[in-house]
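Convention: sequence-line order gives letters A, B, ...; per-chain numbering from 1.
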Protein chains: 2
Amino acid sequence: MTKRPERIADKIAEKLRSAIVGGRLRPGDALPSERELAEQYDVNRSSIREAMGRLETWGLVKIRHGGATRVSDFLMGAGLELLPHLVELGGKVDPAILEDLHSLRGMLLGWCAEMAARKADAGDVEKLEGLVRQLSDPKAKSSALQVLDYDFYQELVRISGNRVLGLFTNVVREVYLKGPDGFASLYGRDVFDPSHHRVAVAAIRARDGAKAGAAMRAHAATALRTREETT
Amino acid sequence: MTKRPERIADKIAEKLRSAIVGGRLRPGDALPSERELAEQYDVNRSSIREAMGRLETWGLVKIRHGGATRVSDFLMGAGLELLPHLVELGGKVDPAILEDLHSLRGMLLGWCAEMAARKADAGDVEKLEGLVRQLSDPKAKSSALQVLDYDFYQELVRISGNRVLGLFTNVVREVYLKGPDGFASLYGRDVFDPSHHRVAVAAIRARDGAKAGAAMRAHAATALRTREETT
DNA sequence: CCGTGCTAACTGGTCGGACCAGTCATGACC
DNA sequence: GGTCATGACTGGTCCGACCAGTTAGCACGG
């Protein structure tokens with residue numbers, strides 16, 4: 001948990017990022033000039049420039065030679081790589097974003113289970129069954145269960161063969177498993193009840209896409225419901 | 001079509017990016033030192049540093065103070081922000097990735113149409129109707145229709161209120177509208193037949209989520225089918 | 001009075017050269 | 001053979017200068 005010695009540009013980019021996604025800097029606002037920022041933070045202009053470069057590649061600001069650097073409407077222009085930053089706004093998890101993420105993931109979960117049912121071979125099914133077995137271990141910790149649950153998801157994505165969904169999954173994993181226990185503390189242990197997974201795997205083995213999708217959607221819905229109850 | 005005068009850091013980052021995703025630089029390989037690169041490209045080291053910063057935020061390289069900068073295994077851990085770079089591998093569009101992208105987008109299209117039906121207010125519906133009107137213009141160019149079609153999608157996402165889906169959409173837009181005509185040349189004009197959009201808007205106005213979702217899914221399926229026919 | 005166009009004071013972009021701060025291979029020493 | 005100092009790398013930060021676009025304001029001609 002100790003902070004690694006961070007580059008100046010990263011620290012400043014981080015400050016500004018948080019100011020932007022936190023709403024203290026609104027889309028359209030002009031940032032102070034690089035020279036001003038350099039003086040303000042008491043660092044060299046080069047460091048400010050590198051920080052600005054990061055903000056720009058994150059889609060948070062628009063730099064124009066000769067004109068002021070302005071905050072862009074990042075919800076309009078930023079990519080998914082911003083997600084990890086949005087989630088831990090000021091160190092606290094933003095529940096609304098998390099809600100969005102989970103509902104989206106739930107739907108994708110169902111969808112790729114359907115595709116997996118059409119494409120899985122014997123080896124794939126075996127892998128999934130292995131994961132279900134581990135998920136059923138009564139001695140497993142909640143954090144471990146969360147990882148397994150995600151591994152199951154990622155395996156479904158792999159079997160579905162959709163590489164774009166694979167990239168998406170990589171980003172979400174970073175968010176989902178953040179921190180020492182991921183979000184395990186946010187959810188009860190029952191969230192990882194493997195019964196839905198078991199049903200899904202059986203359906204995939206039987207090439208029943210609809211049933212597999214329904215099972216995984218039910219699993220995701222359970223997670224959401226459990227979360228609402230604890231709110 | 002004329003190239004805007006590009007920053008040299010961007011040009012160099014672009015060169016290296018293409019070398020990495022093109023496989024000329026493999027994961028684990030060490031890049032030349034910043035001083036070497038500066039001499040090699042005959043630019044200042046600052047420009048090289050800014051280029052490296054971009055590569056790092058793209059997840060393509062790992063920079064370590066004191067050690068060499070190495071290409072990271074982006075295929076394993078990279079996020080969706082890499083999609084635009086992957087698609088134009090070597091200047092050519094990879095049809096398989098595009099296929100994955102379209103099927104995923106189609107499903108999301110249906111899903112957020114359902115959510116939009118639950119959340120849209122009068123102003124939202126009006127906006128959608130305006131877009132449908134423009135889509136119905138018989139004089140519109142194919143490229144313009146593609147932009148409108150995407151605007152319609154993006155508007156649905158906005159109405160759905162799912163911010164994570166919004167971020168995803170931003171990335172996809174970059175890919176989808178790449179090049180002078182986007183992918184308009186890949187699809188026939190009939191792909192942008194607005195009849196499905198019309199049905200969807202009517203359903204959203206009537207709060208009929210299922211119908212709206214079905215209409216947009218049908219639209220996406222048409223696009224895919226049309227593409228397969230022309231293959 | 002309005003518009004036009006020049007100019008000056010901004011903005012970001014590039015330069016080079018100095019020095020600080022980690023890493024790592026090498027080789028003397030135990 | 002192991003270990004640890006050391007120097008030659010690597011990237012990180014700083015400075016100060018100048019180039020190159022943008023913009024706002026002012027003087028000028030209509």
Side-chain angles (χ1 to χ4, degrees), chain A residues 1-17 19-20 25-74 77-78, chain B residues 1-17 19-20 25-74:
Chain A
M1 277 291 93
T2 64
K3 270 276 187 168
R4 301 264 85 257
E6 220 178 15
R7 282 171 291 200
I8 290 181
D10 285 336
K11 276 195 294 203
I12 290 175
E14 192 61 17
K15 269 203 211 323
L16 291 173
R17 176 197 67 70
I20 292 172
L25 287 172
R26 315 271 205 77
D29 285 358
L31 266 59
S33 76
E34 296 177 346
R35 290 167 178 86
E36 275 181 64
L37 285 171
E39 188 175 2
Q40 181 174 330
Y41 288 109
D42 195 35
V43 299
N44 189 272
R45 196 179 145 213
S46 314
S47 302
I48 296 291
R49 283 188 59 74
E50 295 194 18
M52 296 309 230
R54 280 162 182 64
L55 291 177
E56 193 186 35
T57 72
W58 286 339
L60 291 176
V61 302
K62 173 75 179 173
I63 302 177
R64 274 174 51 250
H65 185 179
T69 295
R70 294 182 175 280
V71 177
S72 41
D73 186 352
F74 61 91
Chain B
M1 270 297 88
T2 65
K3 269 277 189 169
R4 302 264 87 259
E6 215 179 18
R7 281 172 292 203
I8 77 185
D10 285 337
K11 278 194 294 202
I12 290 174
E14 192 60 19
K15 270 200 196 4
L16 291 172
R17 176 196 67 71
I20 292 172
L25 287 172
R26 314 274 204 78
D29 285 358
L31 266 59
S33 77
E34 296 176 348
R35 290 168 177 85
E36 274 180 64
L37 285 171
E39 188 175 2
Q40 180 175 329
Y41 289 109
D42 194 36
V43 298
N44 190 275
R45 196 181 145 211
S46 314
S47 302
I48 297 291
R49 282 188 59 74
E50 294 193 18
M52 296 311 235
R54 282 162 180 64
L55 291 177
E56 192 185 35
T57 72
W58 286 338
L60 291 176
V61 303
K62 173 76 176 171
I63 301 178
R64 275 175 51 251
H65 185 179
T69 295
R70 294 181 175 279
V71 177
S72 36
D73 187 358
F74 60 94

* Would you please name every residue forming a side chain to side chain donor-acceptor pair (under 3.5 Å) with B:S72, sequence neighbours left out? => none

* Has the side chain of B:H65 got a donor or acceptor that lies under 3.5 Å from a partner of the other kind on the base of D:dG11? -> yes

* All pairs passing ring-ring contact (aromatic ring centres under 6.0 Å, His included) where residues 31-61 of chain B contributes a residue, at least two apart -> B:W58-B:H85

* Asked: Can you name the residues that form a side chain to side chain contact (heavy atoms under 4.5 Å, CB included) with A:E39, not counting sequence neighbours?
  -> none

In residues 59-71 of chain A, what donor-acceptor pairs under 3.5 Å come from side-chain atoms, sequence neighbours left out?
{"unit_1": "A:R70", "atom_1": "NH1", "unit_2": "A:G28", "atom_2": "O", "d": "2.8"}

Where do N or O atoms of nucleotides 3-6 of chain D meet protein N or O atoms at under 3.5 Å, pair by pair?
none

* By side chain to side chain contact (heavy atoms under 4.5 Å, CB included) - contacts of B:A19 (at least two apart) -> B:R24, B:L25

* Asked: How would you list, by chain and number, every residue that makes a side chain to side chain contact (heavy atoms under 4.5 Å, CB included) with A:I8, sequence neighbours excluded?
  -> A:I12, A:V43, A:S47

* Contact residues, residues 45-57 of chain A to DNA chain C [heavy atom, < 4.0 Å] -> A:R45, A:R49

* Asked: How far does the helix from C:dC1-D:dG30 to C:dC30-D:dG1 bend, going by the axes of its first and last five pairs, to the nearest 10°?
  -> 10°

* Asked: In residues 26-35 of chain B, which residues come under 4.0 Å of DNA chain C by heavy atom?
  -> B:R35

* **Qualifying residues under side chain to side chain donor-acceptor pair (under 3.5 Å), relative to A:N44, sequence neighbours excluded** => A:S46

* May I have all residue pairs that pass salt bridge (charged side-chain N to carboxylate O under 4.0 Å, His left out) and include part of residues 26-35 of chain A, sequence neighbours excluded? => A:E34-A:R45, A:E34-A:R49

